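Reading through the structure tokens given below for one structure.
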Amino acid sequence: MAITAKQVSDLRAKTGCGMMECKKALTEANGDFDEAVKVLREKGLAVAAKKAGRIASEGVVDIMFNDAHDVAAMIEVNAETDFVAKNETFKEFVRGILATIIANKPADLDALMALAYDAEYTVAEKLTNMIATIGENMNIRRFVLVEGVLTSYIHGAGSAGVIVKFNADEAAVNNAGFAEFAKNIALQIAAGNPPAYVTKEEVPASAVEEEKQILIAQIKNDEKNASKPDAIIEKMVQGKIGKFYERVCLVEQAYVKDDKMTVGQYVEATAKEFGGAIAIDSFCLYERGEGLEKKEDNFADEIAQMVSGN
């Protein structure tokens with residue numbers, strides 16, 4: 001029977017597979033949509049292991065809260081292409097994993113993978129099934145579960161995500177402006193210069209010492225300073241180390257919505273305005289593909305190879 005373009009398009013939208021693969025599956029299934037989905041899965045399962053070596057640095061960062069809004073899970077799930085990351089089936093898969101994390105609170109990735117995703121699959125089995133159906137390598141890279149007074153922010157349709165935990169009393173939390181305040185802190189973290197720590201006290205001594213050695217080397221490499229005594233250079237370093245704290249510590253950063261104050265000063269002013277107590281306890285920032293090798297293939301060449309059968 002003749003396979004229509006709409007059938008191919010509908011199957012591609014459902015599975016994320018290539019047009020040629022979809023047409024072949026529909027032909028094999030005599031136009032039966034559900035059977036074609038099954039064909040793609042069966043064929044994909046046979047080659048899913050081969051896809052594991054492919055670079056998966058696209059994907060999505062997503063966040064889900066429980067009903068009480070005092071538990072939040074954030075996850076990064078990677079795929080090979082941005083096209084798959086925008087696929088509704090992929091998005092539903094990610095949301096399903098988040099719901100599983102919220103419900104079961106696994107200790108680590110191994111525990112998560114062993115959990116039941118639904119009545120049919122474990123999380124690990126569902127991942128294999130998704131790789132088979134969509135035809136790309138995927139990876140559940142990391143997740144975090146946070147409990148307490150929380151806010152979150154998702155940037156750029158899942159390119160980054162932030163969860164912030166606060167220590168705050170009822171007077172502050174119950175204030176009508178608290179949600180906006182909390183969101184502003186999350187936005188600060190996701191801004192152009194993400195911090196690594198909340199306060200100066202959290203910075204490891206080794207990190208401070210490493211920064212000092214870098215500053216000393218920079219100063220000595222300047223001909224004007226090369227001959228200065230070590231005591232003078234040490235004073236110059238101490239004068240510059242404050243800039244390091246301003247860069248890596250959240251409360252020391254200039255507040256993005258009013259650079260005349262630091263984030264710490266913004267927190268203090270807000271607590272005073274609300275008549276309560278507020279402190280930033282901790283935060284977690286995921287940036288999609290952070291540290292992963294990026295795929296550099298030429299997409300047009302890849303399509304040409306598929307069409308030619310090479």
Side-chain angles (χ1 to χ4, degrees), residues 61-63 70-76 107-109 141-156 159-169 172-173 178-219 234-272 276-292:
V61 174
D62 203 359
I63 296 171
D70 59 0
V71 176
M74 178 165 63
I75 195 167
E76 178 183 359
D108 53 33
L109 274 174
R141 185 184 184 196
R142 52 184 172 170
F143 75 90
V144 66
L145 191 68
V146 188
E147 300 185 33
V149 179
L150 310 171
T151 194
S152 69
Y153 172 68
I154 294 287
H155 181 71
S159 63
V162 180
I163 297 176
V164 190
K165 180 178 178 179
F166 298 90
N167 293 320
D169 60 16
V173 173
F178 184 81
E180 182 180 357
F181 155 78
K183 187 68 71 176
N184 286 340
I185 298 298
L187 287 168
Q188 173 83 30
I189 295 166
N193 184 26
Y197 312 95
V198 176
T199 66
K200 289 193 288 187
E201 289 71 28
E202 292 180 10
V203 184
S206 58
V208 177
E209 182 59 31
E210 181 180 347
E211 181 67 17
K212 285 182 178 179
Q213 293 305 314
I214 291 171
L215 290 170
I216 288 171
Q218 289 176 346
I219 291 168
E234 177 64 25
K235 286 184 179 180
M236 294 174 68
V237 167
Q238 292 301 326
K240 291 175 177 289
I241 203 71
K243 292 294 182 182
F244 166 70
Y245 287 124
E246 289 174 15
R247 187 172 72 251
V248 303
C249 299
L250 175 59
V251 298
E252 302 296 324
Q253 288 186 339
Y255 176 42
V256 289
K257 290 191 173 183
D258 182 1
D259 60 9
K260 293 183 177 64
M261 67 169 71
T262 65
V263 172
Q265 289 169 337
Y266 171 57
V267 173
E268 289 177 8
T270 302
K272 184 177 181 180
I278 306 172
I280 301 168
D281 179 89
S282 56
F283 67 88
C284 184
L285 168 66
Y286 282 179
E287 295 180 283
R288 180 186 63 208
E290 179 184 10
L292 294 176

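What you see is a predicted model; the values in this text were computed from it and never measured.
The heavy-atom pair separating Ala196 from Phe283 by the smallest distance is C-CZ, 4.0 Å. Scanning both residues, Arg141 and Gly289, for their nearest heavy atoms gives NH1-C, 3.9 Å. In terms of heavy atoms, Ala277 sits closest to Ala172 at O-CB, 3.8 Å.
Between the side chain of Tyr286 and the main chain of Phe143, a donor-acceptor pair closer than 3.5 Å is present. Checked by atom type and distance alone, the side chain of Gln188 pairs as donor or acceptor with a backbone atom of Ala254 at under 3.5 Å.
For Tyr197, there are no ring-ring contact (aromatic ring centres under 6.0 Å, His included) partners at least two apart in sequence or on another chain. Partners of Gln218 according to the side chain to side chain donor-acceptor pair (under 3.5 Å) rule, which considers only residues two or more places apart in sequence or in another chain, do not exist here. Partners of Lys240 according to the side-chain contact (heavy atoms from CB on, under 4.5 Å) rule, which considers only residues two or more places apart in sequence or in another chain, are Leu215, Ile219. Residues satisfying the side chain to side chain donor-acceptor pair (under 3.5 Å) criterion with Glu147, sequence neighbours excluded, are Lys105. Under the rule for a side chain to side chain donor-acceptor pair (under 3.5 Å), the partners of Asn167 that lie at least two apart in sequence or sit in another chain are Asp281. In terms of the side-chain contact (heavy atoms from CB on, under 4.5 Å) criterion, residue partners of Ala182 (sequence neighbours excluded) are, by chain and number, Thr151, Phe166, Phe178. With sequence neighbours excluded, the residues that form a side-chain contact (heavy atoms from CB on, under 4.5 Å) with Ser159 are His155, Arg288. For Ser282, there are no side chain to side chain donor-acceptor pair (under 3.5 Å) partners two or more places apart in sequence or in a different chain.
Surrounding CD of Glu234 are more than 12 heavy atoms belonging to other residues, nucleotides or ligands, all under 6.0 Å away.
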May I have the list of side-chain donor-acceptor pairs in residues 202-214 shorter than 3.5 Å, sequence neighbours left out?
from	atom 1	to	atom 2	distance (Å)
Glu202	OE1	Val198	N	3.1
Glu209	OE2	Gln213	NE2	2.7

Show me, pair by pair, the donor-acceptor contacts under 3.5 angstrom made by side chains of residues 243-252, not counting sequence neighbours?
none

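By the 4.5 Å heavy-atom criterion applied to side chains, Phe181 and Val267 are counted as neighbours. The closest side-chain heavy-atom distance from Tyr255 to Asn184 is below 4.5 Å. With contacts defined as side-chain heavy-atom distances shorter than 4.5 Å, the pair Val162/Ile185 does not qualify. Taking 4.5 Å as the limit, some side-chain heavy atom of Val61 sits within range of a side-chain heavy atom of Met74.
Applying the salt bridge (Lys or Arg N to Asp or Glu O under 4.0 Å) test to residues at least two apart or on different chains, none of the pairs has a partner in residues 253-266.
To the nearest 0.5 Å, atom CD of residue Gln238 and atom NZ of residue Lys235 are 11.0 Å apart. Taking SG of Cys284 as the start and CD1 of Ile63 as the end, the distance is 8.5 Å to the nearest 0.5 Å. Put simply, CD1 on Ile278 and OH on Tyr266 are 8.5 Å apart, with the number rounded to the nearest 0.5 Å. Rounded to the nearest 0.5 angstrom, Ile241 CD1 and Met236 CE are separated by 13.5 Å.
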